[in-house]
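To find a chain, count down the sequence lines: A is the first, B the second, and so on, and within it residues start at 1.
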Amino acid sequence: MPELPEVEITKRILSKHSVNKVIKDIEVRNDNLRYKVSSDFIKIIKGSKIKKILRRSKYILFYLDNNYVVIAHLGMSGKFLLQLNNSNNLLKSSFYFDNAFSKHDHLEFIFSDNTKMIYNDPRRFGFFILDKLSNLKKNKFLRKLGPEPFNKIIQKETTNKMLKSKKNIKNLLMDQTFMSGIGNIYANEILFASSINPNKISSNLNNYETQNLFKNIKIILKKAIKLGGSSIKDFKYLDGKSGKFQNEFKVYNKENLKCPRKGCNGIISRVVSVGRATFFCIKCQK
DNA sequence: CCGTTAACCTGAGAGC
DNA sequence: TGCTCTCAGGTTAACG
C-alpha cells in the first residue's frame, strides 16, 4: 500500500490512539504473512505497554516497555484499523477498504481498556517481526536502509552515490538502500516536478538536476504528508476521510492525458520499468 | 559487485 | 453472469 507519506500518517494516527496502552492479548488469525509471525510473538508482547511509535522508511516501529520493538511493514495492501471503546464502529484510522474484509484481519491487538488495533492485509505482503531495542541498529531489515529523505546532512554523500549509479534515476529513487521511503507514485511525481526523464541514467545527471531533484523530493513528500497522503482506489483513513494528495497527481495514472506543465502540450506516456508503471511527459522531462 | 527478472498473494476492473 | 486477463502504493532471492 503505502509509501513514506502514508506510513507517516498511519504512524501519527496510531500514536494518538495506542501509545501508553497495555497489550492485554493478541489474536493471530493468520500468521502466514510475508514472513511467518514467530511462535513467541504473542508470548513476548503480551502484557507490555507501547511506549512510543516511530517511522523509519516504510516501517512502523512500536517501542514496548519490555525492551522489545515490533517492526511492522505494510507491504502493498496492509492497513491498521482501530476499534475504540466508545464506539461500535471501527475508527477508520488508517488506510482501509470501504467494505473492510474481515477475512483479512490477520492480527488483533487487544488493549487493557478493551480497545483494539487490527492489522488487515489482503495480499499479505506485509509482516511483523520483533527485535530487541539494543539490537535495532543491527536489525536485518533496518540496517540496510538508506537515509531518510529529510535528512539534511547526507545530501553530498547521496549525490556521490547517485553519480556513480548506472541505474535509471527512477529505479534508483525507489531503491531503499539508496534512500528510503520513496515508492512508485512519489518517484513518478518527483521526477515530473524535476523535469527529469525517469529513464535517464543516474550518473548522467548534472549539478543543477541533482540539486533540483533533492529539493523536489522534500517538497513533494512534505506536501503529501500535509495533505494526508494519497488515497488511491478506495483507501481512506481517519473517520472515513481520504488523503488528498491523489488530487495533486501530475503524471501518476495519467496516461494519454495532456501534460499539466504550463506551456508544454505534451502527452503523458506510460512505460514499464523494472516491472513498475512509469508515467512521464516525453516532451518536458529530459 | 551490479542491474534485471520472477515470485510472493488477493481483489478489482476490463473485455469478451 | 461468468470466464480470462491485466494490474495494483513493495521487497528480495536468483540469475546473467
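- Look at A:Phe125 and the base of B:dC8; the rings stack, centres closer than 5.5 Å and planes less than 30° apart.
- Phosphate contact (OP1/OP2 of B:dT4, side-chain N/O of A:Ser273, threshold under 4.0 Å): absent.
- Contacts of A:Phe141 with the nucleic acid, taken as non-hydrogen atoms under 4.0 Å apart, involve only primed sugar atoms and P, OP1 or OP2.
- A sub-4.0 Å separation between OP1 or OP2 of C:dG10 and a side-chain N or O of A:Gln176 is absent.
- With a cut-off of 3.5 Å on both Watson-Crick or G-U wobble distances, the partner of B:dC9 is given as none.
- Taking side-chain N and O atoms only, A:Arg124 has a distance below 4.0 Å to OP1 or OP2 of B:dT10.
- Note: A:Phe141 and A:Tyr35 have tilted aromatic rings, judged against thresholds of 30 and 60 degrees for the angle between ring planes.
- Of the side-chain N and O atoms in A:Lys103, one or more sit less than 4.0 angstrom from OP1 or OP2 of B:dG11.
- Nucleotide B:dG3 is matched to C:dC15 when pairs are restricted to Watson-Crick or G-U wobble geometry with both distances under 3.5 angstrom.
- Panel note: side chain A:Asp175, backbone A:Asn171; no donor-acceptor pair is recorded below 3.5 Å.
- Between A:Arg276 and C:dG10, a side-chain N or O to OP1/OP2 separation shorter than 4.0 Å is present.
- Within 4.0 Å (heavy atoms only), A:Phe249 reaches no atom of the nucleic acid at all.
- A distance of about 15 Å separates the P atoms of C:dA14 and B:dC9, rounded to the whole Å.
- Among A:Lys58, A:Lys218, A:Arg56, the one residue that satisfies the salt bridge (Lys or Arg N to Asp or Glu O under 4.0 Å) test with A:Glu148 is A:Arg56.
- At B:dC9, none of the side-chain N or O atoms of A:His104 fall inside 4.0 Å of OP1 or OP2 (strictly under the cut-off).
- Taking side-chain N and O atoms only, A:Arg270 has a distance below 4.0 Å to OP1 or OP2 of C:dA8.
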*Under the side-chain contact (heavy atoms from CB on, under 4.5 Å) rule, what do A:Lys215 and A:Asn212 come out as? Steps first, then yes or no, please.*
CA-CA 5 Å; A:Lys215 196 183 82 190; A:Asn212 193 232; 3.6 Å; yes
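- Side-chain to base pairing of A:Arg34 with C:dT11: one donor and one acceptor N or O lie within less than 3.5 Å of each other.
- In this entry the distance linking OH of A:Tyr35 with P of C:dT11 reads 10 Å, nearest Å.
- In this structure, CD of A:Glu255 is placed 15 Å from C1' of C:dA8, rounded to the nearest angstrom.
- If A:Val274 and A:Asn253 are placed on DNA chain C by their nearest nucleotide, the residue sitting closer to the 5' end is A:Asn253.
- Spacing between C:dT6 and B:dA6 at atom P, rounded to whole Å, works out to 14 Å.
- Contact check, A:Lys58 against C:dG10: a side-chain N or O comes under 4.0 Å of OP1 or OP2.
- At least one cation-pi condition fails for A:Lys51 and A:Tyr63: the charged atom is not both under 6.0 angstrom from the six-membered ring centre and inside a 45 degree cone around its axis.
- Residue-level contact check: A:Lys144 touches the backbone only, with heavy atoms under 4.0 Å from sugar-phosphate atoms and none from bases.
- Here C:dA8 is the nucleotide among C:dA8, C:dG10, B:dG3 with the atom lying nearest to any side-chain atom of A:Ala277.
- In this structure, of C:dT11, C:dG9, B:dT4, it is C:dT11 that holds the atom nearest to the side chain of A:His73.
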*Could you check A:Tyr119 against A:Phe128 for ring-ring contact (aromatic ring centres under 6.0 Å, His included), going step by step and ending with a plain yes or no?*
CA-CA 10 Å; A:Tyr119 180 68; A:Phe128 284 72; 4.8 Å; yes
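- Rounded to whole angstrom, the span from the NZ atom of A:Lys164 across to the P atom of B:dC1 amounts to 15 Å.
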